[in-house]
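Accompanying notes for the structure given below.
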Amino acid sequence: MGVSVEVLASGSRGNSTIVQSSSTRLLVDAGISCRETFKRMKAGGGDPHSLSAILITHEHTDHVSGLLVLARKLKIPVFMTGATHQAWSRALRDADGERPKLDRLEFFSSGHSFHIGDIGVTPFTIPHDAADPVGFTFRSEGMKVAIATDLGYMPASVRDQLRGCDLLVVESNHDLEMLRVGSYPWAVKQRVMSRVGHLSNSALAEFFATDYDGNASYIVLAHLSEENNHPELARSAAEKALSGRRTLLRNRVMLAAQAEAMQPIRF
Ligand SMILES: [Zn+2]
Ligand SMILES: [Zn+2]
């Protein structure tokens, strides 16, 4: 079977990705409904009831909206940081101030690796306006996969985490010019462009053109804005940056979508 990655949904209306080895199946973020998660998994030939655990990057709605129902239905552990859990449960308090309960909750800390089954998980801090946001790298069967979306810029610490990856799921959120002239209120534009907002096509291109080691067979451009980006703009910015470095031409650039799951990428 080997390692495979399937982006079920990506974008500001919901994010969810499956990372699996031969024996362990992880759901990274639960940003679409339980029903939609099941539907998309089954369409790709996967069995939702075979999921081993759910990992959460941060508490924004587009990463957790399906979490409670999924966790209760599947009865699998949910992994997040203590601060993310605080922020998430506070936001979901009911009228009596009662917080939602997860039966199987596990805490991790950024920078501290742990194992779920035969997958080694390393959470790392990303610059984003949430309580304690993280990206992840996953190691199994000699492969390394990274997921890094929802970051205002690409600090050296994140660049380090992205070295030696076989597959990179990385944010290419907006085209700066489309954002500038687009319909978002100024305050929202400022938030998106800020150091704790989202990564632009050009900021990602700058990473590809300078620090990126070129190791990945697949690069998945993710969390594209539907308002302020176009898939072909994101793709051409990335490909142009990679093609400036001849050694990187074997990197295959793919696009994650909001409305449907990507074909699973298998190693
Ligand atoms: Zn976010
Ligand atoms: Zn997001």
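One-based numbering, in listed order, for ligands and for the atoms of each. If you read the sequence from its start, that first residue is 1, and numbering goes on from there.
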Original post:
Between Arg266 and Glu141, does at least one N-O distance fall below 4.0 Å, as a salt bridge requires?
Top reply: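 Not counted as a salt bridge, because no side-chain N and carboxylate O are separated by less than 4.0 Å.
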**OP:** Among Glu227, Glu36, Glu226, find the one that has a salt bridge (charged side-chain N to carboxylate O under 4.0 Å, His left out) with Arg13.
**Re:**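 When salt bridge (charged side-chain N to carboxylate O under 4.0 Å, His left out) is applied between Arg13 and each of Glu227, Glu36, Glu226, only Glu226 qualifies.
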Original post:
Which single N/O/S atom of His223 lies at minimum distance from the Zn ion (ligand 2)?
Top reply: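 Among the N, O or S atoms of His223, the one closest to the Zn ion (ligand 2) is NE2.
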Original post:
Counting N and O atoms only, with roles assigned by atom type, does the side chain of Ser21 sit under 3.5 Å from a partner on the main chain of Val3, one being a donor and the other an acceptor?
Top reply: no
Original post:
Where do His85 and Phe79 land on the ring pair (Phe, Tyr, Trp, His ring centres under 6.0 Å) test, with the steps shown first?
Top reply: CA-CA 9 Å; His85 178 255; Phe79 291 74; over 10 Å; no
**OP:** Tell me the protein N, O or S atoms under 2.8 Å from the Zn ion (ligand 1), in chain and number order.
**Re:** His58 NE2, His60 ND1, His128 NE2, Asp150 OD2
Original post:
If we ignore angles and hydrogens, is there a donor and acceptor under 3.5 Å between the side chains of Thr122 and Gln161?
Top reply: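 Checked: Thr122/Gln161 side chains show no N/O donor-acceptor pair below 3.5 Å.
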Original post:
With sequence neighbours excluded, what pairs up with Asp62 under the side-chain hydrogen bond (donor to acceptor under 3.5 Å, both in side chains) test?
Top reply: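 For Asp62, the residues satisfying side-chain hydrogen bond (donor to acceptor under 3.5 Å, both in side chains) (neighbours in sequence not counted) are Asn15, His223.
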